[in-house]
Amino acid sequence: MSIFQKWLAILSIPLAFEIVFVIVLLILVNQEDAEVMQQIRSQIVKTTVERVVSAGDECAFLLVEYGFTKEPDTIDEFILVRNNTLEWINGLESTIDKSETNQVDALRRLREAWLDFGNILDNVKNWTSKRTSPEMQVLSLMSIKEKIGDGNAAIHDLYSYRKALDEEISQRHRDTRLLLHIWLAVGVLANIVFVIYMIVFCRDITRRVNALKENSLRLANGQELNEAKGGTDEIAEFDAVFYDVATALQDSFDRERANFDGAADAICALDSTGSITRANEAFQGMLGFPTSDILQSDFAEFIVSDDHDHLKKVMENVSQVRGQRQEVEVGMLAASGKRRDFVWSIVWEHEHQLFMCVGQDITAYKRLEHAKQEFVAMLSHDLRSPLSSIGTTFELVENGAYGPINERMSAMVARALQSVRRLISLIGELLDLEKIEAGEMELNLAITPVATIMDQAINAVSASAENNKLVLKSMQTDLTMNADEDRIVRVLINLLSNAIKYSPPGGLISVDVREGDEGVVVSVTDQGQGISEDHLEKIFERYKQVSRYDHSVKRGSGLGLSICKAIVEAHGGVIGVKSEIGKGSTFWFRVP
């Protein structure tokens, strides 16, 4: 049963009882009123009967007095008393119960007795006008006595009935009052029971709501929930849904905890003062501290002193900008006492008043970076200069500066010189790529005609195209671009060189230019074998090469397209490729 149905039952039952209670109470009150009215009518009858008796006595006395005094005033007084008595008797018509034949008959006999007093009165009046014998007067008085007796008998019947009726009415009155008192007691008792039931019902609702509240607090605090309460109402349904939600939340929390603890990166939460409130296993493992030494400790305690101010400034900036993540590189002290380098990504969660920090240990990366810098320095100083000297020596030998050489030796020197030049070019590409990644590449931007760039690039590769029996075709254009001319020429030379390298003899290589919505687009299209779709996304990555023709084709360093991509993106542009196996390839770049 739902709560609404329970409330409806709770309200309808007492409402029905109240209706019945009021109806019965009205019946009892009406019955009491009827009995009171009967008592009043009975009292009126008895009072009237008493007055009639008194009037009868007075009339008899007046007749006797008239018999002795023969005063006319006595007769007038007798008539007045008689008429008044008849009015009282007639007034009893509206008082007595018409359904009681005894009362109706007694009233009729009483009225007839008093009406006969009129005939007797005529006889009495003759006593003064005629000489009436004593015998006739005695007969008249006996007749008066008989009528008075008849009236008294009727009065006695009427009075006796009303007296018995009064006793019955009094008994019914007492019974009615007793029923009224009992019914009032039942009503009070029912109201007490209803109030008690309401208190129990409300206490049950309150208890179950408090149980839900307690479970909510337990869920928020991560404690085990109390046992679910039974029932079929809305609270029971809500309780069941709450348990389902709690189970789902617990599962989600367990997964979150598993992800948090199992994450490869170091993760920790800091309160507004910088104290560590939570840390995952990776954080503890990277620094080598136990959980007891990490939690509630100041995060700055694990940072080298030189980076304290920098970290503090970054955290202040993060806390002022809600939801914005910032990165900071700091040195941290491990339990072994060694320094480890971390990059921390920090964000301020305003709702929870926490800093969420995700850190990566870049100690190994820093070592590699240092080794790479040393390697680049070695390439620049220890390899390129000696190779340049070796190349110069081979050029001198090839030119006969040290004396004539035979044909076989000349070929070997030429191959050696080509290898030296290839190594020097590879070192140059590595150094250029390092400068680009380090942000040290400076662009000399200027408004440059695209035709000039195309002419320089085509002239640089024309000899190679002739050797491979390829035709270079370019379109005429008067478009310009804001670019570093030498850098863009290098990009176009690289794309043309790749097209020459992978195009079959007798093929056509075309250079096209068009103006797009976001800049000038330059494209190089060849008729080579093409590139498979699964290699298109990787072709601009470093050291990635795709043989589009056959394995006899010379292969490069794998850095050319990476350098092209870096140069174009440094101009704010985009580079891409469209290709299909057997239909050639089109490399394009767009510069604003």
Side-chain angles (χ1 to χ4, degrees), residues 1-39 168-258 269 271 277-278 349-354:
M1 185 181 292
S2 67
I3 293 179
F4 174 75
Q5 292 172 333
K6 289 181 179 179
W7 276 111
L8 188 62
I10 290 173
L11 294 177
S12 60
I13 291 175
L15 180 61
F17 174 78
E18 292 295 335
I19 293 174
V20 173
F21 179 81
V22 170
I23 292 174
V24 173
L25 192 63
L26 289 175
I27 292 174
L28 293 176
V29 170
N30 289 334
Q31 184 176 342
E32 179 72 9
D33 289 342
E35 292 169 356
V36 170
M37 290 303 299
Q38 283 186 341
Q39 278 190 325
E168 182 182 352
I169 291 174
S170 298
Q171 183 61 39
R172 290 207 306 265
H173 181 63
R174 288 192 295 270
D175 294 341
T176 302
R177 290 181 62 85
L178 179 61
L179 288 175
L180 187 60
H181 291 161
I182 293 174
W183 190 243
L184 288 175
V186 169
V188 172
L189 183 61
N191 283 326
I192 293 174
V193 172
F194 173 70
V195 170
I196 293 174
Y197 181 76
M198 283 294 296
I199 293 174
V200 172
F201 178 77
C202 292
R203 286 188 62 183
D204 179 67
I205 295 293
T206 304
R207 177 180 57 82
R208 297 168 68 192
V209 171
N210 287 335
L212 280 174
K213 178 182 177 182
E214 183 179 355
N215 274 340
S216 300
L217 295 176
R218 283 179 171 272
L219 178 63
N221 295 327
Q223 299 174 344
E224 184 178 358
L225 301 182
N226 293 325
E227 185 178 355
K229 305 297 181 183
T232 59
D233 56 13
E234 291 84 351
I235 295 180
E237 293 177 359
F238 180 78
D239 199 20
V241 172
F242 177 82
Y243 267 82
D244 293 339
V245 172
T247 302
L249 287 176
Q250 186 63 42
D251 294 341
S252 176
F253 180 75
D254 292 340
R255 289 194 298 269
E256 179 187 355
R257 181 183 293 275
D271 60 18
T277 59
R278 190 178 176 190
E349 294 188 356
H350 182 74
E351 293 80 6
H352 303 96
Q353 295 292 299
L354 289 175

Taken in chain and number order and not counting sequence neighbours, the residues that satisfy side-chain hydrogen bond (donor to acceptor under 3.5 Å, both in side chains) with H181 are none

Residues passing the side-chain hydrogen bond (donor to acceptor under 3.5 Å, both in side chains) test with N191, sequence neighbours excluded, are none

Residue set satisfying side-chain contact (heavy atoms from CB on, under 4.5 Å) with V186, at least two apart, ordered chain then number -> F17, I182, W183

Result for side-chain contact (heavy atoms from CB on, under 4.5 Å) between I23 and one of L26, I27, V20 points to I27

| said: Check whether T277 reaches the backbone of A269 with its side chain - one donor and one acceptor, N or O, closer than 3.5 Å. | reply: yes

With sequence neighbours left out, the residues meeting side-chain contact (heavy atoms from CB on, under 4.5 Å) with Q353 are W348, H350

